[in-house]
Amino acid sequence: MAEDSELCDVICNGPSVTMKTIGEPVVTVPKTRNEYNDANRKVIEKNFRAKKIFVCGIGPDEYNRISVCQSAKEIWEVLQIAHDGTTQVKQSKIDMLTTEYELFRMKNDESIQDMHTRFTSIINELHSLGEIIPRNKLVRKILSLLPSSWESKVNAIIEAKDLQKLTIDELIGNLKTY
């Protein structure tokens with residue numbers, strides 16, 4: 001567990017560069033490889049181990065993107081931009097998905113399960129981009145988008161359940177039994 005945390009630190013913060021002081025006036029410079037002690041080598045090894053994990057987990061196209069990267073942190077940043085895009089792209093995705101969420105409706109011939117699958121896909125994408133919608137808001141959204149033929153079931157659920165505590169899975173289960 002500690003090793004995983006240390007690898008995560010190397011990926012997020014970059015590898016620690018071991019420094020030494022030399023000369024008059026005193027100047028701090030990186031140590032050369034042959035000046036490393038065992039502790040220095042272990043620190044550098046973490047970066048190599050993190051890089052190895054990335055390289056083993058990607059395909060040839062991804063490898064071409066990251067092959068020139070010197071650190072696990074650089075690899076992580078290149079992959080993040082390649083897959084999430086820049087901050088502008090990420091915000092555009094959030095805006096698009098938020099609009100999709102707001103306009104979401106159950107289709108006429110759609111089952112509860114199919115509607116739930118489509119809805120969950122939008123919510124999960126928003127979540128992966130850091131946009132988290134509170135559970136009670138999601139429950140209310142699902143209840144509001146059901147066709148009028150479901151009104152008696154919706155009213156029964158609202159009367160019987162505390163919507164603040166109701167999970168989407170519980171709601172979908174109740175709707176499936178209807």
Side-chain angles (χ1 to χ4, degrees), residues 1-13 46 49-66 69 72-178:
M1 198 64 151
E3 182 176 330
D4 293 342
S5 175
E6 290 169 357
L7 289 177
C8 188
D9 290 343
V10 167
I11 291 167
C12 293
N13 304 325
K46 298 285 184 211
R49 193 170 296 131
K51 283 176 60 177
K52 181 179 171 184
I53 290 169
F54 278 126
V55 169
C56 290
I58 60 174
D61 293 338
E62 299 292 329
Y63 182 78
N64 288 336
R65 279 192 188 121
I66 59 115
C69 296
K73 180 180 181 170
E74 283 180 74
I75 293 172
W76 179 244
E77 290 169 351
V78 166
L79 292 175
Q80 273 188 309
I81 290 171
H83 292 278
D84 291 343
T86 63
T87 305
Q88 267 183 317
V89 172
K90 184 178 175 181
Q91 190 57 52
S92 292
K93 286 179 183 178
I94 290 170
D95 293 344
M96 181 192 70
L97 288 165
T98 300
T99 301
E100 200 174 329
Y101 166 81
E102 290 168 354
L103 298 175
F104 189 88
R105 296 288 175 256
M106 184 174 179
K107 297 175 183 174
N108 289 334
D109 60 344
E110 189 172 39
S111 70
I112 290 293
Q113 185 59 50
D114 290 343
M115 179 271 302
H116 179 242
T117 300
R118 282 190 317 115
F119 188 74
T120 303
S121 176
I122 294 168
I123 301 310
N124 287 346
E125 283 188 64
L126 280 167
H127 191 274
S128 74
L129 294 168
E131 200 70 19
I132 299 166
I133 301 170
R135 179 178 63 195
N136 63 328
K137 194 172 179 182
L138 296 174
V139 167
R140 289 184 191 281
K141 176 69 175 176
I142 289 175
L143 289 172
S144 72
L145 61 85
L146 293 169
S148 58
S149 60
W150 289 78
E151 188 174 346
S152 63
K153 180 62 178 174
V154 169
N155 290 337
I157 290 171
I158 291 172
E159 289 174 19
K161 302 282 184 181
D162 179 0
L163 293 185
Q164 295 294 337
K165 295 179 181 174
L166 186 65
T167 67
I168 290 186
D169 290 332
E170 289 173 325
L171 174 61
I172 296 301
N174 283 327
L175 294 172
K176 281 182 182 178
T177 60
Y178 180 59

Next on the checklist: One pair to check against side-chain contact (heavy atoms from CB on, under 4.5 Å): Val10 and Arg49. What are the steps and the verdict?
Outcome noted: CA-CA 10 Å; Val10 167; Arg49 193 170 296 131; over 6 Å; no

Checklist outcome for this item: CD1 of Ile133 to CG of Leu138, rounded to nearest 0.5 Å, is 5.5 Å

Checklist entry - When you look at Ile94 and Gln91, which way does the side-chain contact (heavy atoms from CB on, under 4.5 Å) test go after all the steps? => result CA-CA 5 Å; Ile94 290 170; Gln91 190 57 52; 4.0 Å; yes

Checklist entry - What's the shortest heavy-atom distance between Leu7 and Ala50, and which atoms? => result CD2-N, 3.9 Å

Checklist outcome for this item: In terms of heavy-atom contacts, Ile168 and His116 come closest through CG2-NE2, 3.5 Å

Next on the checklist: For the CD1 atom of Ile172 and the NZ atom of Lys176, what is their distance to the nearest 0.5 Å?
Outcome noted: 7.5 Å

Item to check | Closest non-hydrogen atom pair, Lys153 against Asn174 | outcome: CE-O, 3.1 Å

Checklist outcome for this item: The side-chain hydrogen bond (donor to acceptor under 3.5 Å, both in side chains) partners of Gln80 (sequence neighbours excluded) come to Trp76

Checklist outcome for this item: Rounding to 0.5 Å, atoms CD1 (Ile112) and CG (Leu171) come to a distance of 8.0 Å

Checklist entry - Say you draw a straight line from CD1 of Ile123 to CD of Glu131; how long is it, rounded to the nearest 0.5 Å? => result 10.5 Å

Checklist entry - Does Phe119 have Lys141 sitting over its ring (NZ/CZ under 6.0 Å from centre, angle to axis within 45°)? => result no

Item to check | Closest non-hydrogen atom pair, Leu97 against Ile122 | outcome: O-CG2, 3.8 Å

Next on the checklist: Just verifying a value: how many Å separate Ser111 OG and Met106 CE, rounded to the nearest 0.5 Å?
Outcome noted: 6.5 Å

Next on the checklist: Please report the interatomic distance OG(Ser128) to NZ(Lys90), rounded to the nearest 0.5 Å.
Outcome noted: 8.5 Å

Checklist entry - Below 4.5 Å, heavy atoms only, C-beta onward: do Ile75 and Ile58 meet side chain to side chain? => result no

Next on the checklist: Can you pull out every salt bridge (Lys or Arg N to Asp or Glu O under 4.0 Å) where at least one residue sits in residues 97-112? Sequence neighbours excluded, please.
Outcome noted: Glu110-Arg118

Checklist outcome for this item: Residues Cys69 and Lys51: closest non-hydrogen pair is O-NZ, 3.8 Å

Item to check | Test item: Ser121 side-chain N/O and Thr117 main-chain N/O as donor-acceptor pair under 3.5 Å | outcome: no

Next on the checklist: Let's go through Ile11 and Ile53 carefully: what are the C-alpha distance in whole Å and the side-chain angles of both, what is the deciding distance for side-chain contact (heavy atoms from CB on, under 4.5 Å) to 0.1 Å, and is it a yes or a no?
Outcome noted: CA-CA 11 Å; Ile11 291 167; Ile53 290 169; over 6 Å; no

Item to check | Results of side-chain contact (heavy atoms from CB on, under 4.5 Å) for Thr167 - residues two or more places apart only | outcome: Arg135, Asp169, Glu170

